[in-house]
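Quick notes on the structure that follows.
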Number of protein chains: 2
Amino acid sequence: MSIGTVSRVLNNSDHPVHPATRERVLAAIRALDFEPNALARGLSGRRTQILGVVVHDITDDYFNEIVRGIDEVARPAGYLVLVLSSYRDPELELDYVRRMRSQHADGIIFVGGGLQVPGHVDRLRRQVEAIEAEGGAVVMLAPNDLPWPSIVPDTDAGIAELVEHLVGLGHRSFAMLTGPDHLKTSVERAAAFRSALARHGIALDPRAVVSGGFERLQAAEALERLVEQGVRFTAVVCLNDQMAVGCLQAARRLGLRVPRDLSVTGIDDLPVTELLDPPLTTVRVPMRELGRRGMELVLSRLEERPFEAPTALACELVVRGSTGRVGRGSRKGER
Amino acid sequence: MSIGTVSRVLNNSDHPVHPATRERVLAAIRALDFEPNALARGLSGRRTQILGVVVHDITDDYFNEIVRGIDEVARPAGYLVLVLSSYRDPELELDYVRRMRSQHADGIIFVGGGLQVPGHVDRLRRQVEAIEAEGGAVVMLAPNDLPWPSIVPDTDAGIAELVEHLVGLGHRSFAMLTGPDHLKTSVERAAAFRSALARHGIALDPRAVVSGGFERLQAAEALERLVEQGVRFTAVVCLNDQMAVGCLQAARRLGLRVPRDLSVTGIDDLPVTELLDPPLTTVRVPMRELGRRGMELVLSRLEERPFEAPTALACELVVRGSTGRVGRGSRKGER
DNA sequence: CTGAAAGCGCTTACAG
DNA sequence: CTGAAAGCGCTTACAG
């Protein structure tokens, strides 16, 4: 019962092992509660079964929902998930990627990806190239400028639907709360809004377009400031739900009734949105599905089999109570 | 410039290295973008800087808030965090612990800990003993029957305050929604309620005590069933916030106004609670602090220094809008 | 101060 | 079918 034989049994190797020997090995493993050393395994060239997932912040429901989706596929495949919260700090993100290289992670999924900070993209690219060269699979789940495989939520159609909905309710003047400027997700969502509005001959008042940093509190302050400054609009479109939640709170403090005095919309469809009062009209991003499919893409690349599933996920409009006819309250009956 | 010298420079070893040599090594490291292999490091006996965190479900805000707290201390200490979602499945939990042993994780934090499933506790104990014997530090962040160091939220005083508050508002008949029976957290919170109520000579109607499994939807159904069955009570106390959120939704569907017709309370003080309508009266568990302190305990054990901070965290009552005088609406002004 | 060498625990050609 | 041995990339006594 040499160490080599034990290894063959443990790995269900093709190499033949006598059934009786196999039994003896298995019995010993059970008796000793033997657990092979994963470090030694990884060092001798095997897959480490470690996946790194780069998120912004695990307490942000957008990210933990996606991590959940990843986990749903990673666990049955035997993968351990390292959650790397970068808080959108390029240095920290890069540092984590280097650590993943050092750990010989089989894969990395960038969930928030797409920091357009000059210089950073190149350094990131170099690290990712090194990881890929060593057999790792890197995948992005957001719009980005890096040349790696991605699964991306396609919000354009949903945003167009949302604009139809709002225009149909009589809205003509809008405020828009954007995310960080260096985030491609924010840039693309903003562009989708502008072009959908343009189709109705509506242009955004530059003063009514402000960054809420994709954060709740920042968005609440931004809305309050707009109102203070006397900027006129009948609907605020927020480029994510977190900011829409902030707007709902700010509106309450300002004495504005939603949707009678102001319509508010988000994007993402976080689980909280239906608990709010009023519940939020938003564009649904299938977050768990995004995570699942991202992990499937990682696995298919590691196993070098083709990936058949679509790499863009449809996102549709979800109408709830936070949007209504201009000056006339909720479309779905007043309260 | 031997491999040994490089290692000494990399680890800032005590062993003397000539400054000029050190410089040459550092220059080469930079030039090659060299990243030492963490697996080889771990295999040769060094700390792996890997931490395993066992949670129930990363999309549950109770858990991701705690993971955030852990991360706040783990990251500056150079630790990588493996998030292990066990969904309260003993087999899965045990499997993850074995994997942690295999990975030579330096530490494991059980966040949800305390599954009182017969047999399981012993098997878990054996694994944890093996890990500790190999120099790992295991810590629990919930009440448990295992003999390992813990940081525990002390909700007893907060629950007593909550009962005072409700009794002060005139409530005498209560319903209680509990978590899973095999979870010590649920058992202890229930006991705290019973004894606080007993001090006022109030006993719970056995029909009014039902499990909501610590889950929102289950709790909503449970409340609807109680009302259907004609069980009488003026306040539902939920043993966590998730269930209280479910009750708020169910109450709305049932046409019960909170708090005029029914008072609802939770425990935890999740971030959502203040966004709800009405916002929730609850007992605040300092989740991030719990996570931070848990990681500090892990580090202090790894470094074999004494841990000075208290191992129980005070949890106080937070009064918001979901509780009011019996039959007379909110204590804080009607709407 | 520097380097050669053993050892960590696996996997996997290679020899038998 | 079994086992001895090289090798993965580090760390760390040990010798010089």
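Order of the sequence lines fixes the chain letters, A, B, ..., with proteins taken first and strands second; residue numbering starts at 1 for each chain.
Not a single donor-acceptor pair under 3.5 Å links the side chain of Asp268(B) to the backbone N or O of Asn240(B). Judged by distance alone, the side chain of Ser150(B) and the main-chain N or O of Trp148(B) form a donor-acceptor pair under 3.5 Å.
Contact between the side-chain N/O atoms of Ser7(B) and the OP1/OP2 oxygens of dT11(D) is found at a separation under 4.0 Å. For Asn37(B), no side-chain nitrogen or oxygen approaches OP1 or OP2 of dC8(D) to under 4.0 Å. Between Thr5(B) and dG3(C), a side-chain N or O to OP1/OP2 separation shorter than 4.0 Å is present.
The separation between Asn11(B) atom CG and dA13(D) atom P is 12 Å, rounded to whole Å. Protein atom CZ of Arg41(A) is 19 Å distant from nucleotide atom P of dG9(D), rounded to whole Å. Rounded to an integer number of Å, the gap from CD1 of Ile3(A) to P of dC14(C) is 19 Å. Here the P atom of nucleotide dC10(D) and the CG atom of Leu43(B) are 12 Å apart, to the nearest Å. Rounding to whole angstrom units, CG of residue Leu10(A) and P of dT12(C) are separated by 12 Å. Between Arg8(A) atom CZ and dC1(D) atom P the separation is 12 Å, expressed in whole Å. In this structure, Asp14(A) atom CG and dT11(C) atom C1' are separated by 13 Å, rounded to whole Å.
Against DNA chain C, the stretch residues 20-36 of chain A makes heavy-atom approaches under 4.0 Å through Phe34(A), Pro36(A).
Distance from the side chain of Ala40(A) is smallest for dC10(C) among the nucleotides dG9(D), dC10(C), dC1(D).
Across all strands, Gly45(A) comes closer than 4.0 Å to no nucleic acid atom at all (heavy-atom distances).
Nearer the 5' end of DNA chain C, as judged by each residue's closest nucleotide, is the contact made by Ser44(B), out of Ser44(B) and Ser44(A). Along DNA chain C, the nucleotide closest to His18(B) and the one closest to Leu39(A) are compared, and the more 5′ of them pairs with His18(B). Mapping Pro19(A) and Gly4(A) onto DNA chain D via the closest heavy atom, the residue that lands nearer the 5' end is Pro19(A).
In this structure the side chain of Met295(A) reaches within 4.5 angstrom of the side chain of Leu51(A), judged on heavy atoms. Annotation: side chain of Glu93(B) is not in contact with side chain of Tyr87(B) (no heavy-atom distance under 4.5 Å).
One distance of note links CD1 of Ile66(B) with OG1 of Thr59(A); it measures 12.5 Å at 0.5 Å rounding.
Using a cutoff of 4.0 Å between basic side-chain nitrogens and carboxylate oxygens, Asp122(B) and Arg125(B) are scored as salt-bridged.
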Under the rule of Watson-Crick or G-U wobble with both distances under 3.5 Å, where | means paired to another strand and [ ] a crossing pair, DNA chain C maps to |||.||||||||.|||

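For Arg288(A), the side-chain hydrogen bond (donor to acceptor under 3.5 Å, both in side chains) partners at least two apart in sequence or on another chain are Glu65(A).
Residue Glu304(B) places its CD atom among 12 or fewer non-hydrogen atoms of other residues, nucleotides or ligands, all under 6.0 Å distant.
The two residues Pro310(A) and Arg293(A) make their nearest non-hydrogen contact at O-NH1, 3.1 Å.
Scanning atom types as modelled, one donor and one acceptor separated by under 3.5 angstrom connect the side chain of His15(A) and the base of dT2(D).
For the side chain to side chain contact (heavy atoms under 4.5 Å, CB included) test with Arg101(A), the passing option among Arg98(A), Arg99(A), His104(A), Gln103(A) is Arg98(A); the others fail.
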